[in-house]
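First the structure, in the form of C-alpha cells, and then the observations on it.
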Amino acid sequence: MAQDSSLADFWDTRYQQGVTPWDAGQVPVEFAAFAEKQPRGRVLVPGCGSGYEVRWLAERGHAVSAIDFSPAAIAVARQVIGNDSLLREADFFALDEPAYDWIYERALLCALPPRTWADWGAQMARLIRPGGLLAGYFFHADTPKGPPFGLHDTRLQQLLEPGFRRIDDRPSCTGLPIFSGRERWQVWQRLDNAGT
C-alpha cells in the first residue's frame, strides 16, 4: 500500500478498499449555511472525494467544478454526483485557469504532507479572485504523522497571509471521529495584492 499521501496511488488504494473515514456521507452544516448565503458563482472543490457538496452546489445553480487526482475518488464521486461534466481528474497544484469566486476546503490541506503546504497556499492565492473566498474546514492538531496532518493556527496564517484575511473562525459542530473535535470552520477573503 502506498504510504505517500502526495501520490494518487495512496488515495486510490483507500477508495478501492472503502477506507474513507473522512467521508461524512452528507453535506456539513457549516458549509450549507455558508453556501446558502453566497451569490451564484464559480466554485472549485479540490480533492473532491465523494462529492456530496459538489452535487449540492450544482443543484443550487453554482458553476461548480470538482477535481481529484485519484481516479478511484473520481469513480466514487461520479456515482454520488451523477453529472460527469462537473468532475475532472486533475492535480490541484497543476491547475492553471481563471480565478474562482470561492474555493471549498474539506480535508485537502490535512491530507497533504507538510512539505507541500506552502505550494497549497500559493495555489489558493492564484486560483481565488481578489475579494473571493476560501471557505472550509481546517484540522488544528499536533499530528506529525498523517494523514490527517494537523497544523496550528499560526502555521495556517503563515500559509495564507498576506494574501488573505480571516473573516470567520469557529469550532466545527460537524466533526468526524477521525478529526475528533479538532476541526475549525474558517472563511478567508482574498485580498487585492496579487503581486505579493
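Positions are given from 1, in the same order as the sequence printed here. Since we're looking at a predicted model, the values are computed, not measured.
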Hey, what do you get for [atom1] ([X]) to [atom2] ([Y]), rounding to the nearest 0.5 Å?
X	Y	atom1	atom2	result
Met124	Leu127	CE	CG	7.5 Å
Glu89	Ile74	CD	CD1	6.5 Å
Arg78	Ser50	CZ	OG	14.0 Å
Ser70	Phe10	OG	CZ	11.0 Å

Identify which one of Arg42, Arg190, Gln38, Arg129 satisfies the side-chain hydrogen bond (donor to acceptor under 3.5 Å, both in side chains) criterion when paired with Asp101. Arg129
As a test of understanding, state which of Asp119, Leu151, Thr154 forms a side chain to side chain contact (heavy atoms under 4.5 Å, CB included) with Leu159. Leu151
What residue among Leu57, Val45, Val64 forms side chain to side chain contact (heavy atoms under 4.5 Å, CB included) with Leu86? Val64
Can you tell me if [X] uses its side chain to pair, donor with acceptor, with the backbone of [Y] under 3.5 Å?
X	Y	result
Gln186	Arg166	no
Thr116	Leu112	no
Arg165	Leu191	no
Arg55	Gly51	no
Ser65	Leu44	no
Trp11	Ser5	yes

So, are [X] and [Y] salt-bridged, with charged N and O less than 4.0 Å apart?
X	Y	answer
Asp153	Arg155	no
Arg106	Glu183	yes
Arg184	Asp168	no

Is it the case that the side chains of [Y] and [X] hold a donor-acceptor pair, with the cut-off being a distance below 3.5 Å and no angle test?
X	Y	value
Tyr137	Glu30	yes
His152	Asp142	yes
Asp4	Ser6	yes

Is the closest side-chain heavy-atom distance between [X] and [Y] below 4.5 Å?
X	Y	answer
Val187	Asp169	no
Ile128	Leu133	no
Val54	Glu59	no
Pro71	Asp12	yes
Phe69	Arg88	no
Trp120	Glu105	yes
Glu53	Cys48	no
Trp117	Phe149	yes

Is there a chain of hydrophobic side chains (I, L, V, M, F, W, Y, each step under 4.5 Å between heavy atoms) that links Ile167 to Leu160? no
Membership question, hydrophobic clusters at under 4.5 Å side-chain separation (ILVMFWY): are Phe138 and Val27 in the same one? no
How would you list, by chain and number, every residue that makes a ring pair (Phe, Tyr, Trp, His ring centres under 6.0 Å) with Phe34, sequence neighbours excluded? Trp102, Trp185
For Phe31, ring pair (Phe, Tyr, Trp, His ring centres under 6.0 Å) partners two or more places apart: Trp56, Tyr104
Walk me through whether Tyr100 and Val43 qualify under side chain to side chain contact (heavy atoms under 4.5 Å, CB included). CA-CA 6 Å; Tyr100 288 86; Val43 183; 5.6 Å; no
Any idea which heavy atoms bring [X] and [Y] closest together, and the distance?
X	Y	result
Ala141	Arg182	CB-NH1, 3.6 Å
His62	Ala35	NE2-O, 4.0 Å
Leu108	Gly47	CD1-CA, 4.4 Å

Walk me through whether Gln189 and Phe164 qualify under side chain to side chain contact (heavy atoms under 4.5 Å, CB included). CA-CA 5 Å; Gln189 185 171 40; Phe164 292 84; 5.9 Å; no
